[in-house]
Amino acid sequence: MKLADVLKVNFFSKALVRNNGIARKIMLAVVLFSSAVTTVITAVELYLDYQGDIRGIHERVESIRKVYLPTLVESVWVLEPTQIQNHLNGLMNLGDIEYVGIVSDGKTQWSAGARSSKRQIETVFPLNRGNAGESVMIGELQVVASVDNVVSRLWSKFIAMLVSNAIKTFLVTAFVLLIFQALVGQHLEHIAGYLLQFSKNVSSELPLQLNRQDGGRWRPDALDHVANAVNRMREEIMRSGAELTASNARLESMVKNSPLAIYTSDLNNLVSSWNPAAQRMFGWSAEEAIGHRVRFIPKDKAEEYEDIATRLRNGESLNQVELVRQRRDGSVIHISLSTAPLFTADGQPDAHIFLVADITQRKLAEQQIQFQAFHDALTGLPNRLLLQDRFEQAKAHASRANARLMLLFLDLDNFKSINDTLGHDSGDTFLQQIALRLSACLRETDTVSRLGGDEFLILLPDLAQVDDAIPVLAKLMEQMQLPFDAAGQEISTSVSMGVTIFPEDGTSFESLLKKADMAMYKAKGDGRNTYRFFDEAMDVEAVEHQFIRNGLRRALERNEFVLHYQPQIDLASGAIIGVEALIRWNHPQLGMVSPARFIPVSEECGLIIPIGDWVLREACRQAVAWQREGLPALCMAVNLSAVQFKRGSVEQSVVHALEETRLHPALLELELTESILIQNVEGVLDCVKRLKLLGVKLSIDDFGTGYSSLSYLKRFDIDKLKIDQSFVRDLGSDPDDAAIVRAIIQMARSLNLRTIAEGVETADMLHQLCAFGCDEAQGYYFARPMSADAVASFLRQAKTPELGPVI
Ligand SMILES: Nc1nc2c(ncn2[C@@H]2O[C@H](COP(=O)(O)O[C@H]3[C@@H](O)[C@H](n4cnc5c(=O)[nH]c(N)nc54)O[C@@H]3COP(=O)(O)O)[C@@H](O)[C@H]2O)c(=O)[nH]1
């Protein structure tokens, strides 16, 4: 815009002044400054003028003294009134003199003019005349000068100056404004317009160009600097804007693709944003959720929700709080919630952000793990941990109520053989049925748990007295004997049960459990299918049991076992035809320990397998050793445990022992118990057949105490029956025992089996046995079990005591 164009603009146009604060301020500043300066200068000028005018008056009055006074004095001396009056009139011509008068003798004698002005300067000159060398005062001259004219003149001058200065100020102001508008204002407006446009459309605006020619003497000037700064700012904003856009896009993508549900709500809990994961997690779409309160609080969680809402209102943040919510379809979802308040620019909370992870799977897994941690996987029954927990609760209650608790330790009597016979799957089904039946026998407040294998533990709480539980025990025993159906197979079983009572038998779970276990073993030992209450004697047995169990493995490693041998006599010839190998444990502290004490323990813990192998090898080795010493070949009888048949490989052990020692198989006799032959009949039968094929002999130990079935004697191809010493012991006194012994011998003869009587202690017994036709005998009457060396000596002496006219 050129100056000419600017001049076309009305000074007081909207653009220039009315809506232009800067212009107004410039105008005001120029006016005020100019006015102030003008006023000061004018005042000084007027003051100096005033001083000059007053000084002029005084000079004129002074000129009267010098010029007019001598003439006037002469005129007054000679009293020439006309001349005096002319003088006075002449004085009136002097400027600003408005009155002159001559006062003599106290009276104004002559005067000219009048005192009319408001402001006056009055001067009095004495009229002195020399006369005869003396100065005589003949009157005085009063001169009054008016100051009004001076003031009036100055006032006019002031007005003129004011007007001229006002015009000058106005013109200068207008000029300054025009110059400002031309040089600055229009460009500022242009910059303002540009920035306005830029703010509306940041990305598409070109750089700022000022509407003026480039170059010039004083360039670059402030406007160029402003324009450059605006352009730099534009670039910075565009760069930041691009970064912000990219960052926003990233953030939006993150929120959109986040596996976490992310949503925000205002302070009234109205949802303000809702990402796709929130839709997937809760079932409400963004359209349905935004602007509403999402109803995902289950009814029973209202209180918990209120608590959280209060904490949020108080500005708290929550970090990974685990909660239960419900989806749109009402299904339950477990979530981990983190939330924090959001703030406005001035720091006021105005919303909340929520980050939610779906932890349903994890929670279910945790519940599953929790369940598994406290339950038995096969039967679903509580496990030992849970039972212990319930025991502790019941104990606390019983202590307060002075009541009793009962702990029952159940063990199935024949589960091992059921498992072996029917297979593990059927065994598992069977255990599940046991669990169901046990649970059905009990109250809701009782707890049945499975310890593992075929062991169950039952807690009966709140018993007023022990007798109250007797019907429960009887019912359990009875129910367990009813047949079970496992995978289409009917199975019969029974249980042995040990019972302990709180507080009589102990107060801690561990001690009651241990004692119940002992009582259960006692029940087993007493023939199974029964229950036993714990008593202190069991405790002693159990301690010893544990002591022996702990020492058994070490005994094998340290060669603490030895074999003793008891001779077996042929009653027809009186010759020693064999020995029975009987194991002993040479215990470092207990001395020689009887097999009756440790064999059952070794059977229980499985160590009977390596021990049995050792016995076989050692017995065979000794038999060969005696032969090598030149002693007669003896038949070596070795006891086999049922456990060796069940868990070990008897056949392999026998083969190894025979191969290793080169003992003739016909000189090895294996003593089996009846119980071995009735378990897993087919398996044992095969094994026994193979053993027979090897050429070894088989005898049935303790015959008469078990099933005494004739059929298996035929099937298993048994060679000899060993009549149990319990019948032999009272042979002379108990006719029943005598009848049994005779019947066994007769039956054996009819089956072509040999018989041997064990526990023969007296000659009477021997004679009676001979009379019944018994083939062989063994007992203290002939010899006690003895060491290998003692047997050798015994054989060498070949001294069989009083066999008499043996048969
Ligand atoms: N599986 C294995 N069992 C074994 C082994 N060695 C022994 N045993 C079994 O231990 C039980 C106890 O045996 P033990 O203390 O050796 O008693 C035997 C004899 O000492 C005893 N006996 C012999 N004659 C008499 C007698 O006149 N009176 C009397 N009171 N006792 C006598 O009898 C036991 C022999 O019994 P048995 O085996 O039935 O012939 C015992 O059951 C042994 O079987 C082993 O190595 N493995």
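Atoms within a ligand are numbered from 1 in the order they appear, just like the ligands themselves. Bear in mind the structure is a predicted one, so any value in this text is a computation, not a measurement.
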*With a cut-off of 4.0 Å, which atoms of ligand 1 are near a heavy atom of Pro785?*
20 (O)
*State the atoms of ligand 1, each with its element, that fall below the 4.0 Å cut-off from a heavy-atom position in Val615.*
46 (O)
*Please work out whether the ring planes of Phe547 and His587 are parallel, tilted or perpendicular, with thresholds of 30° and 60°.*
tilted
*On the 0 to 90° scale, with breaks at 30° and 60°, tag the Phe598-Phe561 ring pair as parallel, tilted or perpendicular.*
tilted
*Can you find a non-hydrogen atom of Arg729 under 4.0 Å from ligand 1?*
no
_salt bridge (Lys or Arg N to Asp or Glu O under 4.0 Å) assessment of Arg621 paired with Glu618_ = CA-CA 5 Å; Arg621 188 199 63 75; Glu618 177 61 15; 2.7 Å; yes
_Tell me every residue that passes salt bridge (charged side-chain N to carboxylate O under 4.0 Å, His left out) with Glu669, counting only those two or more places apart in sequence or in another chain._
Lys720
*Considering heavy atoms of the protein only, find what lies nearest to atom 38 (O) of ligand 1 and give residue, atom and distance to 0.1 Å.*
Glu580 OE2, 2.8 Å
*Would you say atom 42 (O) of ligand 1 touches the protein, meaning some protein heavy atom is under 4.0 Å from it?*
no
*Report yes or no: does Asp775 contribute a side-chain atom to a donor-acceptor pair with the main-chain N or O of Thr755 at less than 3.5 Å?*
yes
_Considering both backbone and side-chain atoms of Asp701, is one of its nitrogen or oxygen atoms within less than 3.5 Å of a nitrogen or oxygen in ligand 1?_
yes
*Got a donor-acceptor contact below 3.5 angstrom from the Lys515 side chain to the Asp505 backbone?*
yes
_If we ignore hydrogens and angles and just use 3.5 Å, is the side chain of Arg617 paired with the main-chain N or O of Cys620 as donor and acceptor?_
no
*Quick one: look up the protein heavy atom nearest atom 12 (C) of ligand 1 and list residue, atom name and how far away it is.*
Pro595 CG, 3.7 Å
_side-chain hydrogen bond (donor to acceptor under 3.5 Å, both in side chains) contacts in which one or both residues fall within residues 472-483, not counting sequence neighbours_ = Gln481-Asn529
*Check the pair Lys692, Asp719 against salt bridge (Lys or Arg N to Asp or Glu O under 4.0 Å), reporting the backbone distance first and the verdict last.*
CA-CA 10 Å; Lys692 285 293 290 181; Asp719 297 291; 2.7 Å; yes
_Starting from atom 5 (C) of ligand 1, what is the nearest protein heavy atom, named by residue and atom, and what distance separates them?_
Ile583 CG2, 3.7 Å
*asked:* Among all protein heavy atoms in this structure, tell me which lies nearest to atom 27 (O) of ligand 1, with the distance rounded to 0.1 Å.
replied: Tyr780 N, 2.8 Å
*What is the nearest protein non-hydrogen atom to atom 24 (N) of ligand 1, stated with its residue, atom name and distance?*
Gln566 NE2, 2.8 Å
*Look at atom 40 (O) of ligand 1 and say which protein heavy atom is nearest, naming residue and atom and giving the distance to 0.1 Å.*
Glu758 OE1, 2.4 Å
_Quick one, Arg796 with Glu629, criterion salt bridge (Lys or Arg N to Asp or Glu O under 4.0 Å). Give me CA distance, side-chain angles, the key distance, then yes/no._
CA-CA 10 Å; Arg796 280 194 192 99; Glu629 285 177 39; 3.1 Å; yes
*Exercise check, heavy-atom protein proximity under 4.0 Å to atom 46 (O) of ligand 1*: yes
*Going by the order shown, which atoms of ligand 1 are within less than 4.0 Å of some heavy atom of Lys722?*
40 (O)
*Does Arg784 have a heavy atom less than 4.0 Å from any atom of ligand 1?*
no
*Distance filter under 4.0 Å to Gly779 heavy atoms, resulting ligand 1 atoms*: 24 (N), 27 (O)
_Can you classify the ring geometry of Phe502 versus Phe391 as parallel (below 30°), tilted (30 to 60°) or perpendicular (above 60°)?_
perpendicular
_Option from Leu412, Leu408, Leu476, Asn414 for which side-chain contact (heavy atoms from CB on, under 4.5 Å) with Val495 holds_ = Leu412
*Verdict with supporting geometry, Gln568 and Gln778, side chain to side chain donor-acceptor pair (under 3.5 Å)*: CA-CA 5 Å; Gln568 295 177 331; Gln778 174 186 345; 2.9 Å; yes
*For atom 21 (C) of ligand 1, the protein heavy atom that lies nearest, with its residue and separation*: Gln725 NE2, 3.9 Å
*Can you list the atoms of ligand 1 that are under 4.0 Å from a heavy atom of Arg584?*
14 (P), 16 (O), 20 (O)
*Report yes if some N/O of Leu563 lies less than 3.5 Å from some N/O of ligand 1; otherwise report no.*
no
*Output yes when the distance from some N or O of ligand 1 to some N or O of Glu761 is under 3.5 Å, and no in every other case.*
yes
*Check each atom of ligand 1 against the heavy atoms of Ser594 and keep those under 4.0 Å away; list them by number with element.*
15 (O)
*What protein heavy atom is closest to atom 19 (C) of ligand 1, reported as residue, atom name and distance in Å?*
Leu582 CD1, 3.8 Å
*Which bit of Asn639 gets closer than 4.0 Å to ligand 1, counting heavy atoms only: side chain, backbone, both or neither?*
both
